[in-house]
Amino acid sequence: MSEAALPVGRDAFESAATGLRERGWWVGENALDSDLVEALRSELAELMEADRLHRAGIGRDHDFHLDRSIRSDRVFWLTRQRPVQSRFLDRMEELRLALNRELFLGLFEFEAHFAHYPPGGHYNKHFDSFRGAANRIVSSVTYLTQDWQPGDGGELVIYGEQGDEILATVEPRAGTFVLFLSEEIPHEVLTSHTDRTSIAGWFRLNASVGGQVDPAR
Ligand SMILES: O=C(O)CCC(=O)C(=O)O
Ligand SMILES: [Fe+2]
């Protein structure tokens, strides 16, 4: 284990919980080991090379639709079949337990996809979950874009609950990790001028809708 590995992560997860409690969002630079970030970045590069990503949709089940004017990323859902993805999911499991311990959120599971926004790609202002849907509770983004430079675009803009006040603009550089409350934080991905890569993930409740267990994704 590298010296910085666990303590950095654990401290980061505690400060993440505090950020969520006090402001509803948190941005960290060292929440994940840099070698894990690098491994995820090359994993995604391989998937892109093999043309394994597909166009992302909006909404769930019967509401599901594809609309490039709203979002233009391509995605690949993580599984435990590949060791690198499994390692990331293990870290998110530690984070899930930390958030439940610190915030009593009762988070039940985590789902995540790699995302690639090609040049020109963006995601209009949106919520990841609607209040009362009790579906996605905490959103996360792990940035994988190597050598991101000012001017490259693709920043994440975090808005206040009413959707007008800008609370933060996050540069999507590899290693930056963001958490926010899915039902309370409107956010937007500004137009990217380069290939922007990331993992978007959501901690969910075990929601049951209309008598049916709500499946992940
Ligand atoms: O990549 C980001 O910065 C945010 C992505 C996002 O909002 C989403 O996938 O719902
Ligand atoms: Fe989102």
Side-chain angles (χ1 to χ4, degrees), residues 16 19-20 24-29 31-32 37 40-41 43-44 47-48 53-61 63-78 85 88 92 95 107 109-131 133-146 148-150 152-161 163 166-204 216-217:
L20 281 182
W25 57 277
W26 180 80
V27 180
E29 307 294 334
L32 300 173
V37 171
L40 289 163
R41 200 191 58 71
E43 179 91 346
L44 175 54
L47 290 165
M48 285 165 62
L53 276 61
H54 51 83
R55 281 179 58 187
I58 302 152
R60 297 166 70 82
D61 305 331
D63 284 334
F64 187 89
H65 61 281
L66 296 165
D67 185 343
R68 261 197 213 274
S69 68
I70 296 175
R71 71 184 288 191
S72 40
D73 54 333
R74 296 173 73 87
V75 305
F76 181 93
W77 289 92
L78 273 71
Q85 296 176 35
F88 174 76
M92 293 301 105
L95 175 55
L107 302 171
E109 61 183 351
F110 179 75
E111 58 178 353
H113 62 56
F114 285 110
H116 167 226
Y117 292 75
H122 66 281
Y123 195 155
N124 289 358
K125 194 190 291 183
H126 65 281
F127 287 97
D128 285 348
S129 182
F130 292 100
R131 201 179 281 281
N135 182 1
R136 291 169 165 178
I137 302 298
V138 175
S139 301
S140 72
V141 195
T142 305
Y143 294 106
L144 303 176
T145 313
Q146 219 178 14
W148 184 92
Q149 304 289 333
D152 286 350
E155 293 93 341
L156 170 72
V157 183
I158 294 176
Y159 293 94
E161 243 175 296
I166 294 179
L167 301 183
T169 301
V170 182
E171 300 180 343
R173 328 175 170 274
T176 298
F177 181 77
V178 179
L179 285 178
F180 54 87
L181 296 176
S182 310
E183 295 181 342
E184 283 166 30
I185 301 284
H187 56 282
E188 172 180 13
V189 178
L190 301 182
T191 301
S192 181
H193 308 301
T194 57
D195 287 292
R196 177 195 198 266
T197 53
S198 58
I199 299 173
W202 297 272
F203 295 93
R204 297 158 38 94
R217 278 166 229 187

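First listed ligand is number 1; within each ligand, the first listed atom is number 1. Atom set for the values below is all heavy atoms of this structure, side chains included, hydrogens, waters and symmetry mates excluded.
- In terms of heavy-atom proximity, Phe127 sits nearest to Glu161 at CZ-O, 4.0 Å.
- The shortest heavy-atom distance from Arg196 to ligand 1 is under 4.0 Å.
- No donor-acceptor pair under 3.5 Å is formed between the side chain of Ser192 and the backbone N or O of Gly121.
- Looking at Lys125, Glu188, Arg71, His187, it is His187 that brings a heavy atom closest to atom 7 (O) of ligand 1.
- Looking at every heavy atom in both residues, Asp195 comes nearest to His116 through OD1-NE2, 2.7 Å.
- Contact annotation: the side chain of Asp152 never approaches that of Arg196 to less than 4.5 Å [non-hydrogen atoms, C-beta and beyond].
- Side-chain polar atoms of Asn124 and His126 form no donor-acceptor pair below 3.5 angstrom.
- The nearest protein atom to atom 5 (C) of ligand 1, hydrogens excluded, is given as Tyr117 OH, 3.7 Å; this is a heavy-atom distance.
- With ligand atoms numbered from 1 in the order given, ligand 1 contributes 1 (O), 2 (C), 3 (O), 4 (C) to contacts under 4.0 Å with heavy atoms of Val141.
- Taking every non-hydrogen atom of Asp128 and a distance limit under 4.0 Å, the qualifying atoms of ligand 1 come out as 10 (O).
- In terms of protein heavy atoms, atom 8 (C) of ligand 1 is closest to Tyr123 CE1, 3.6 Å.
- Rounding to the nearest 0.5 Å gives a distance of 11.5 Å between CD of Glu171 and CG of Leu156.
- Thr176 OG1 to Trp148 CH2: the interatomic distance, rounded to the nearest 0.5 Å, is 9.5 Å.
- Shown in contact with Ala200 at under 4.0 Å from a heavy atom are these atoms of ligand 1, numbered in order with element: 9 (O).
- Those atoms of ligand 1 with a heavy atom of Trp202 less than 4.0 angstrom away are 9 (O), 10 (O).
- Using a non-hydrogen distance threshold of 4.0 Å, Phe127 does not register as a contact of ligand 1.
- For atom 3 (O) of ligand 1, the nearest protein heavy atom (residue, atom name, distance) is Tyr143 OH, 2.6 Å.
- If you check which protein heavy atom lies closest to atom 4 (C) of ligand 1, you get Val189 CG2, 3.6 Å.
- Ring geometry for Phe114 against Phe76 counts as tilted: the plane angle lies between 30° and 60°, on a 0 to 90° scale.
- Note: Ile70 CD1 to Tyr123 OH = 8.0 Å, rounded to the nearest 0.5 Å.
- In terms of distance to the Fe ion (ligand 2), the nearest N, O or S atom of Asp128 is named OD1.
- Not a single N or O atom of His113, backbone or side chain, sits closer than 3.5 Å to an N or O atom of ligand 1.
- Vertex the Fe ion (ligand 2); arms to His187 atom NE2 and His126 atom NE2; angle 90° (nearest 10°).
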